Amino acid sequence: FCFPSAEHPYSHLIDTLEHGGLKFFNPQKFNDPRYGEFRKDKLPLSIRVLLEAAVRNCDGFYTKEGDVQSILDWQQQQNKAEVPFSPARVLLQDFTGIPAMVDLAAMRDAVAKHGLDPSLVNPKCPTDLIVDHSLQIDYSKCAIQNAPNPGGGDGPNQSHGPSRSTPSRPPSRGGSQCGGQRGSCSKAACNDPPSSSGQSPASVQQIENTPLLCPFHLKPVSEIRTVQNLYLTVATLLSAKQWCSKAFKNVNVVPPDIGAVHQVNLEYLSRVVQISNGFIYPDSVVGTDSHTTMINGLGILGWGVGGIESEAVMLGQPLSLTLPQVVGCKLLGTINPLTTSIDIVLGITKHLRQAGIAGRFVEFFGPGVSQLSAPDRTTIANMCPEYNATVSFFPVDQVTLKHFKKTNFTQEKLEVLESYLKAVKLFRSYEDPSEDPEYSEVIEINLSSVVPYVSGPKRAQDRVAVSNMKEDFQSCLDEKVGFKGFNISKEKQETRVPFLHCGQKYELAHGSVVIAAVISCTNNCNPSVMLTAGLMAKKAVEAGLVVKPYIRTSLAPGSGMVTHYLSTSGVLPFLSQLGFEVIGYGCATCVGNTAPLKEAVVDAIKQGDLVTCGVLSGNRHFEGRLCDCVRANYLASPPLVLAYAIAGTVGIDFEKEPLGVTPEGKEVYLCDIWPSREEVQQTEEDTIISSIFKDLRGRMEVRRRTFITAPVFFHDCSKEVPPPQSIENAHALLFLGDKVTTDHISPAGSIARASAAAKYLQSKRLAPREFNSYGARRGNDAVMTRGTFASIKLQNRFIGKSGPKTLHIPSGQTLDVFEAAERYQRDGIPLIILAGKDYGSGNSRDWVAKGPYLLGVRAVIAESFEKLHKNQLVGMGIMPLEFLPGQNADSLELSGKEKFTITLPDTLSPRKQLTVTTSQGKSFIVTALFDTEMDVTFFQHGGLLRFVARTFLK
């Protein structure tokens with residue numbers, strides 16, 4: 001944002017804030033008879049943020065006066081006018097952020113090859129890159145001083161140990177090493193044999209109720225190993241960080257182990273208002289993660305975009321969007337004391353998803369909003385991608401200000417913030433209905449109707465009341481394979497498979513829990529939810545309950561703030577005793593980075609063809625994402641994750657069946673250990689203080705070539721725009737069905753040993769243990785291209801079973817998708833993809849478009865697209881083509897083995913209908929989903945990246 005000159009078309013709107021003397025653009029000073037005071041004040045507050053940005057950035061080129069007028073006339077122009085939006089900042093996480101920085105470096109190379117100064121390619125918009133998605137769980141359940149049985153409990157025939165709140169000193173582990181069974185510290189002192197007293201030397205002098213520390217690192221041993229591996233994984237990325245900070249202006253890189261991107265954005269980067277060049281204006285952000293929307297809970301407008309779009313914004317290009325409809329979500333009623341914020345989140349998610357609000361803004365209002373804390377609101381805002389809204393906006397009110405008083409906002413800054421927001425009508429009282437804006441549509445939700453739910457076993461929108469969980473899981477076993485069913489025959493539903501673990505005998509059955517992950521980022525960042533889990537763990541330990549040791553348990557706090565308040569409140573040792581130990585700060589289980597299950601567990605699952613379960617308090621749980629042998633996965637609140645872990649099964653009725661039995665034989669029910677809302681609130685007030693946020697700021701201010709390679713996107717980038725070229729005699733690379741997710745297109749988890757990506761890495765002399773994950777290697781186009789459509793759950797109709805395979809039509813051979821694409825490209829054959837409904841749903845990732853582009857895909861023909869992914873395809877120069885309503889590949893009797901020709905006219909326009917002809921003599925009409933003239937421009941340039949590069953060349 002540059003200081004406006006006198007020629008600025010809206011300089012007459014500039015006002016001065018009484019408190020602080022800062023200047024600002026005041027939309028209330030419009031002297032236009034069409035928009036009086038009453039009408040203007042009725043604009044939704046999220047639209048007012050768009051209006052202010054358009055006014056402030058009106059330069060006559062990217063943003064014109066007509067755009068401002070369109071936003072002011074929102075009531076008539078919604079869903080019609082195309083307007084620009086220039087956010088205040090860009091947020092990147094490493095999965096998409098590192099590739100974005102690599103793309104900018106490659107763009108500099110392209111500019112330099114044409115004889116221009118490469119430093120012209122430099123971010124103009126402030127950009128934060130958070131290295132958090134490379135965390136991987138390699139070690140868990142270390143030897144903890146305060147755990148009677150480190151690793152989650154005794155065998156089924158052993159005593160549960162003393163029932164008391166202060167646990168005893170742990171028994172000897174023999175030759176146990178740092179990190180427990182799965183790994184060890186490299187320092188010899190950590191590997192000494194046990195002393196004659198039966199304890200390892202490292203723990204002889206240990207203080208009661210503290211973790212077992214490595215004497216060389218002075219940190220808990222499991223934390224050392226996980227973090228060491230994290231830094232090893234991102235060693236190249238850290239070098240890139242140092243280079244980015246020096247080579248590019250306006251780039252701030254947050255190193256690993258600080259916190260998850262969403263938490264760092266909430267706790268450290270959020271401003272509510274920005275101050276630059278003596279002007280104050282609303283904070284706003286776009287990020288390369290679909291859950292950037294979390295920030296809307298603090299009254300900061302923001303949403304997720306692809307890495308491609310983010311690069312354009314970084315370089316000064318505004319986002320282009322159709323002026324959205326705004327759905328007002330009116331909250332009424334009183335929250336049930338036993339209902340957690342995640343229950344409210346899932347309740348609102350289901351309600352709004354059923355309302356069909358895809359692509360719209362949602363803005364909350366009504367008296368019920370005042371009952372929600374700021375963490376409650378950010379939790380709800382986080383889930384808006386699950387009901388396909390663009391944002392879920394909570395305007396700032398007194399509750400928001402009270403939240404900021406607990407953070408690092410000074411009193412002076414709070415006064416300036418409040419004064420400015422009130423001056424531009426961005427501050428409101430939810431109890432005053434006269435302040436309610438006019439919305440496109442209003443949906444009412446009664447908070448008192450919300451009851452505890454989990455979500456699964458395959459999709460976030462499939463909610464199950466906890467009271468019906470046992471019955472619902474049984475029905476999932478009975479139903480045919482689909483979005484919920486597993487089609488297990490009646491005679492096999494009672495199968496039980498015994499196995500040995502650490503010398504003890506256990507049994508697995510359908511519904512057995514084998515993964516339990518407490519994750520506190522995104523939809524479970526709410527302190528009250530985590531404290532509920534911690535207080536519940538304390539009561540469980542005091543009652544003598546345990547978690548079976550074969551269950552893969554972990555605790556991944558979103559940031560150090562979570563660890564701080566769990567530790568301060570005294571519940572962290574009890575979580576550790578149940579096996580839920582802090583494994584690091586970042587995204588792990590949610591993105592498939594959990595360590596493999598024990599071989600005995602995997603063998604038992606396969607032997608009985610069991611539908612075992614993972615339970616996590618995250619936001620993603622697609623089938624096979626956590627572990628390829630765990631078919632049923634449920635999203636649940638952190639305390640329910642603990643409950644199901646203790647029970648060891650999802651097939652339990654908590655109201656009628658006990659979680660477990662104490663050493664004295666007393667049955668313990670969930671209601672016996674569930675803390676009251678008053679207890680949780682009191683603990684929260686005592687622990688969530690400003691020092692927590694100061695701790696994060698203190699941490700922020702301290703800290704082989706197979707990871708990063710130069711991409712090929714600009715290798716043949718000319719100065720001039722090439723004419724449009726029809727696609728002739730293309731083959732279908734894949735023939736897909738409905739609900740193809742971004743996980744299917746570009747997996748984020750570990751690299752399978754038999755995959756095309758693994759073969760490439762082995763050719764570079766890397767051992768399987770060095771493969772890491774696709775997410776960590778997103779800076780390497782050779783790995784990511786081979787990883788495209790590499791999901792083991794990909795359902796390709798050419799093959800008839802799941803797996804990353806396809807039919808190479810000319811030869812009739814079944815090959816890896818990459819190998820088939822490589823053959824097609826070698827023979828000069830263009831490619832398309834045939835698909836069903838909702839193609840590209842799920843997380844935002846730029847490689848879901850970059851990968852198909854590098855495979856040679858020119859177009860995707862589907863029944864419908866997820867909007868964000870459709871934009872990503874356009875951004876890479878791939879045509880998203882939609883069948884006409886009522887038509888699909890089956891109704892047109894397409895086998896997929898035909899050759900396809902798509903004829904392009906000399907002039908393209910938004911929503912242009914094109915003709916597709918096949919080698920069998922058939923023809924049909926499709927709609928090119930270019931929503932705006934800017935989409936057409938990007939496609940004609942061969943994608944957004946080439947468009948931006950050519951602007952520098954010109």
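These numbers come from a predicted model, not from an experiment.
For Ser746 (side chain) and Thr742 (main-chain N/O), no donor-acceptor pair under 3.5 Å exists by modelled atom type. Side-chain atoms of His808 never come within 3.5 Å of backbone atoms of Tyr824 as a donor-acceptor pair (strictly under, hydrogens ignored). In terms of modelled atom types and a separation under 3.5 Å, the side chain of Gln825 and the main chain of Leu855 share a donor-acceptor contact. Of the possible polar contacts, none joining the Ser320 side chain to the Pro318 backbone as a donor-acceptor pair under 3.5 Å is found. Proximity of a side-chain donor or acceptor of Ser284 to a complementary backbone N or O of Ala88 within less than 3.5 Å is detected. Side-chain atoms of Asp738 come within 3.5 Å of backbone atoms of Lys837 as a donor-acceptor pair (strictly under, hydrogens ignored). Distance alone, capped at 3.5 Å, places no donor-acceptor pair between the Thr127 side chain and the Val251 backbone. Listed for the Asp59 side chain is a donor-acceptor partner under 3.5 Å among the backbone atoms of Phe61. Using modelled atom types, no side-chain atom of Asp838 and backbone atom of Ser841 make a donor-acceptor pair closer than 3.5 Å.
Residues Gly840 and His869 share a closest heavy-atom pair of O-CB, 3.4 Å. Considering all non-hydrogen atoms of both residues, Ile745 and Val740 come closest at CG1-CG1, 4.0 Å. Taking both residues in full, the closest heavy atoms of Leu831 and Ala730 are given as N-CB, 4.3 Å, listed atom of the first, atom of the second, then distance. Shortest non-hydrogen contact noted between Ser392 and Asn296 is O-CB, 3.0 Å. Residues Pro724 and Leu904 come closest through the heavy atom pair CB-CD1, 4.5 Å. The shortest non-hydrogen separation linking Ile809 to Gly896 is CD1-O, 3.6 Å.
Using a 30° and 60° split on the angle between ring planes, Phe924 and Phe900 fall in the perpendicular class, above 60°. Ring geometry, Trp303 versus Phe85: the interplanar angle falls under 30°, so the pair is classed parallel (tilted spans 30 to 60°).
Heavy atoms of other residues, nucleotides or ligands lying less than 6.0 angstrom from NZ of Lys64 number more than 12.
A salt bridge is absent between Lys867 and Asp931; no separation between the charged side-chain nitrogens and carboxylate oxygens falls under 4.0 Å.
Atom OG1 of Thr741 is separated from atom CG of Leu794 by 9.0 Å, given to the nearest 0.5 angstrom. Once rounded to the nearest 0.5 Å, the distance linking CZ of Phe939 with CG of Leu944 reads 14.0 Å. Note: Phe393 CZ to Ile47 CD1 = 10.0 Å, rounded to the nearest 0.5 Å. Atom CG of residue Asn122 and atom CZ of residue Arg108 lie 5.5 Å apart, to the nearest 0.5 angstrom. Between atom CG of residue Asn729 and atom OG1 of residue Thr917 there is a gap of 8.5 Å, rounded to the nearest 0.5 Å. Here the CD1-CG distance, from Ile829 to Leu733, works out to 11.5 Å after rounding to the nearest 0.5 Å.
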Does Glu309 form a side chain to side chain contact (heavy atoms under 4.5 Å, CB included) with Val286? I'd like the steps, not just the answer.
CA-CA 9 Å; Glu309 294 96 330; Val286 293; over 6 Å; no

Report the C-alpha distance between Tyr62 and Asn57 in whole Å, list the side-chain angles of each, state the deciding distance to 0.1 Å, and finish with yes or no for side chain to side chain contact (heavy atoms under 4.5 Å, CB included).
CA-CA 8 Å; Tyr62 288 124; Asn57 291 287; over 6 Å; no

Between Thr927 and Leu881, does a side chain to side chain contact (heavy atoms under 4.5 Å, CB included) hold up when you go through it step by step?
CA-CA 5 Å; Thr927 303; Leu881 304 177; over 6 Å; no

Output, in order, the C-alpha distance, side-chain angles, deciding distance and verdict of side chain to side chain contact (heavy atoms under 4.5 Å, CB included) for Ile925 and Gln887.
CA-CA 10 Å; Ile925 303 298; Gln887 292 186 352; 5.8 Å; no

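In this structure, a donor-acceptor pair under 3.5 Å is present between the side chains of Asn265 and Arg89. Using modelled atom types, one finds a donor on one side chain and an acceptor on the other under 3.5 Å when comparing Ser119 with Asp117.
Between Leu873 and Tyr853 the shortest side-chain heavy-atom distance does not fall below 4.5 Å. Two residues are said to be in side-chain contact when any heavy atoms from C-beta on lie closer than 4.5 Å; Arg950 and Val721 meet this criterion. You'll find the side chain of Lys897 reaches within 4.5 Å of the side chain of Phe798, heavy atoms only. Residues Ile130 and Leu269 form a side-chain contact, since some pair of their non-hydrogen atoms from C-beta on lies under 4.5 Å apart. Leu315 has its side chain within reach of Met107: a pair of non-hydrogen atoms, C-beta onward, lies under 4.5 Å apart. Under the 4.5 Å side-chain criterion, counting only non-hydrogen atoms from C-beta, Phe865 is in contact with Val860. Under the 4.5 Å side-chain criterion, counting only non-hydrogen atoms from C-beta, Lys899 is in contact with His731. Side-chain contact between Pro123 and Leu104 is present, with at least one heavy-atom pair separated by less than 4.5 Å.
Remark: Arg797 qualifies as a cation-pi partner of Phe735 under the 6.0 Å distance and 45° angle criteria applied to the six-membered ring.
Residues satisfying the side-chain contact (heavy atoms from CB on, under 4.5 Å) test with Ala835, not counting sequence neighbours, are Leu736, Tyr839, Ala862. Qualifying side-chain hydrogen bond (donor to acceptor under 3.5 Å, both in side chains) partners for Ser440, counting only residues two or more places apart in sequence or in other chains: Gln78.
For the ring pair (Phe, Tyr, Trp, His ring centres under 6.0 Å) condition, no pair includes a residue of residues 97-132, sequence neighbours left out.
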